Amino acid sequence: MADEREARLEKLGELRAQGIDPYPIESARTHTAAEALAGYDALQGVRITLVGRLMQLREMGKAAFAHIEDGSGRIQIYLKRDAIGEEAFRRIRLLDLGDIIQVTGTLFTTRTGEKTVQVEEYAMLAKSLRPLPAKGAGGDLKLFDPEVRYRRRYLDLIANRDEVLPIFLTRARTLAAMREFLNARGFIEVETPILQPLYGGATARPFVTHHNTLDRDLYMRIAPELYLKRLIAGGIERVYEIGRIFRNEGIDRSHNPEFTMMECYQAYADYRDIMRLVEELYAHVTERVHGTTHITYQGVALDMAPPWQRVTLREAIAEHTGIDYEAYPEREQLAETMRARGYQVDPKLGRGRLIDDLKDAIIKGPEARVKGPVFLYDYPLDLSPLAKRKPGTRETVERFQPYAGGLELGNAFSELNDPLDQRARFEDQARQRAHGDDEAQVLDEDYIEALEVGLPPTGGFGGGVDRLVMLLADQDSIRETIAFPTLREK
RNA sequence: GGGACCGUAGCUCAGUGGCAGAGCAGGCGCCUUUUAAGCGCUGGGUCGAGGGUUCGAAUCCCUCCGGUCCCA
């Protein structure tokens, strides 16, 4: 047959001609495949009805073996002419791999020892019109083309279920464990605007959209931060939000334009309190997902149990690169020192961004020395316009980032609550923007007004959920953790 | 943004200037405990798209589209 879809359409037509609805409403499952296998002894002689996708079919003249797979797993079925009747047996030729069927019968064990349903009746539940990825060596379906896997994730889940499904289960458990932990500590889950008149809370370019009735542009949020802190100002002392955020930037193994962020804020806390919160949160989530805090990420053993190592950014960079950036207070001095040690220096980047590059050099890539889990803390002020200055310093803020396995997991600080300082920081950002940095943050008058009403001393954290799932599922690409990652339009 | 590599049947892949191939999947036939079932026969291609070089292009060149990896 030239076209398999045509062949399947013909079979569909034959079913209809025989008065059989190929897409009936009713199904009547009594057990899942896993329940049938697990309850084999108790189910002896009991008529059970299972459903599932037809994954294999081996016809043998007057009998046929097949495997069906439901959400719980796979089970073999045996279709014997003498058991199902002449007419039903002839109808087997109208079955195709991929069809979703229902079988009723009793359990038995074959000569080769496989628990199997001896079918008495079967019915079509949904006719499949397109072929599945084919069996390869070992009898398993094969689908390797990443483009097909991401664009048509359903095929990926059908063909690569054992590898792919656990990742999404890890994702679900991660989210549930986060909420469990935060709820238990009195954090209130809230939802704040995704469509924002101004974007803020992070250093990134936004997606712009348009509201027709208001006839104005709105921005997809790049972070929920400024709204969550408004709620803290309103007296909700512990808040968190888990939701999608959008950053108009490149796509690579650790970046997707839309991704999931968890941000939490706690009044009357500072960044040291938040460090303890974060390490306990991550240990709890790891424990819930894996049953232990000991994990392996890309071959590196990590223990997520508190306390995590704490190293100042300055010390970490000095130890692993030999460059003490505090010794080079001017941008050009630092740039010269970096060039002398073989680092590429982007002439457009300011001093803070150069320090950021040094940080990446010790964390990411094959040369990375810092495996973690670790908190790097005390960051340059000009990179952190929403963080509070460290007492006794001029250019350092109370900020930290957790890292594990080379992954940047989040960002936290003692929140800047001085409205006058905040205004000055925004104005500095505006100057950086005027110098061509289109990721610099924009001044948000309404947010400053909230600070003027009064934001208590507050510690906050924002963490990437997708990256945490990468860590916990031992995946090296964020695309494996997102059901439908962003791809170019084909 | 730069570089390298990849795109051939439903899937996984060979083929690198001379008739478009294999395994599995599909179709037909045989087979009543098989399980990568087996045996026999068999259909299936815009070689990502467009342009160029050549007597001749899946193969060489250019542009574009999509993907992967590395770098920024």
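Since the structure is predicted, the reported quantities are computational estimates derived from the model, not experimental observations. Naming convention: chains lettered A, B, ... in sequence-line order (proteins, then strands); numbering from 1 in each chain.
- A donor-acceptor contact under 3.5 Å is not formed by the side chain of Glu114(A) with the base of U34(B).
- In this structure, Asp82(A) reaches the bases: a heavy-atom distance under 4.0 Å links it to at least one base atom across the strands shown.
- As rounded to the nearest Å, C5(B) and G48(B) have C1' atoms that lie 16 Å from one another.
- The side chain to side chain contact (heavy atoms under 4.5 Å, CB included) test applied to Glu480(A) returns Arg149(A), Tyr150(A), Arg153(A), Ile167(A), Gln475(A), Ser477(A), not counting sequence neighbours.
- Considering only side-chain atoms of Phe108(A), the nucleotide from G66(B), A25(B), U33(B) that sits closest is U33(B).
- With sequence neighbours excluded, the residues that form a ring-ring contact (aromatic ring centres under 6.0 Å, His included) with Phe108(A) are Tyr78(A).
- A heavy atom closer than 4.0 Å to some atom of RNA chain B occurs in Arg253(A), these being the qualifying members of residues 245-256 of chain A.
- Among the atoms of the strands shown, only primed sugar atoms or phosphate atoms (P, OP1, OP2) are found under 4.0 Å from some heavy atom of Tyr150(A).
- If Val148(A) and Leu487(A) are placed on RNA chain B by their nearest nucleotide, the residue sitting closer to the 5' end is Val148(A).
- With sequence neighbours excluded, no residue satisfies ring-ring contact (aromatic ring centres under 6.0 Å, His included) with Tyr379(A).
- Not counting sequence neighbours, the partners of Asp382(A) by the side chain to side chain contact (heavy atoms under 4.5 Å, CB included) test are Pro380(A), Gln432(A).
- Taking atom P in both G50(B) and U59(B), the straight-line distance is 12 Å, to the nearest Å.
- Look at the P atom in both G15(B) and G21(B): the space between them is 15 Å, to the nearest Å.
- Considering only residues two or more places apart in sequence or on other chains, Phe375(A) meets the ring-ring contact (aromatic ring centres under 6.0 Å, His included) condition with Trp308(A), Phe400(A).
- Taking a pair to require two hydrogen-bonding distances under 3.5 Å in either a Watson-Crick or a G-U wobble arrangement, C24(B) pairs with G10(B).
- RNA chain B is contacted by both Asp476(A) and Asp96(A); Asp96(A) maps to the nucleotide lying nearer its 5′ end (nearest heavy atom per residue).
- Side-chain atoms of Lys80(A) lie closest to U32(B) of the nucleotides G66(B), U33(B), U32(B).
- Contact annotation: Arg488(A) does not reach the phosphate of C65(B) (side-chain N/O to OP1 or OP2, under 4.0 Å).
- Between A37(B) and Arg58(A), a contact under 4.0 Å exists linking OP1 or OP2 to a side-chain N or O.
- Thr321(A) and Tyr343(A) share no donor-acceptor pair across their side chains, judged by distance under 3.5 Å alone.
- Look at Gln56(A) and you'll find a side-chain N or O under 4.0 angstrom from OP1 or OP2 of A37(B).
- Using P as the reference atom, U8(B) and C60(B) are 15 Å apart when rounded to the nearest Å.
- Checking U68(B) for Watson-Crick or G-U wobble geometry (two distances, each under 3.5 Å) identifies A4(B) as its partner.
- The phosphate of U32(B) (OP1 or OP2) has no side-chain N or O of Arg81(A) nearer than 4.0 angstrom.
- With G66(B), U12(B), U32(B) as the choices, the nucleotide that has an atom nearest any side-chain atom of Tyr78(A) turns out to be U32(B).
- Pairing of G38(B), defined by two Watson-Crick or G-U wobble distances under 3.5 Å, is identified with C30(B).
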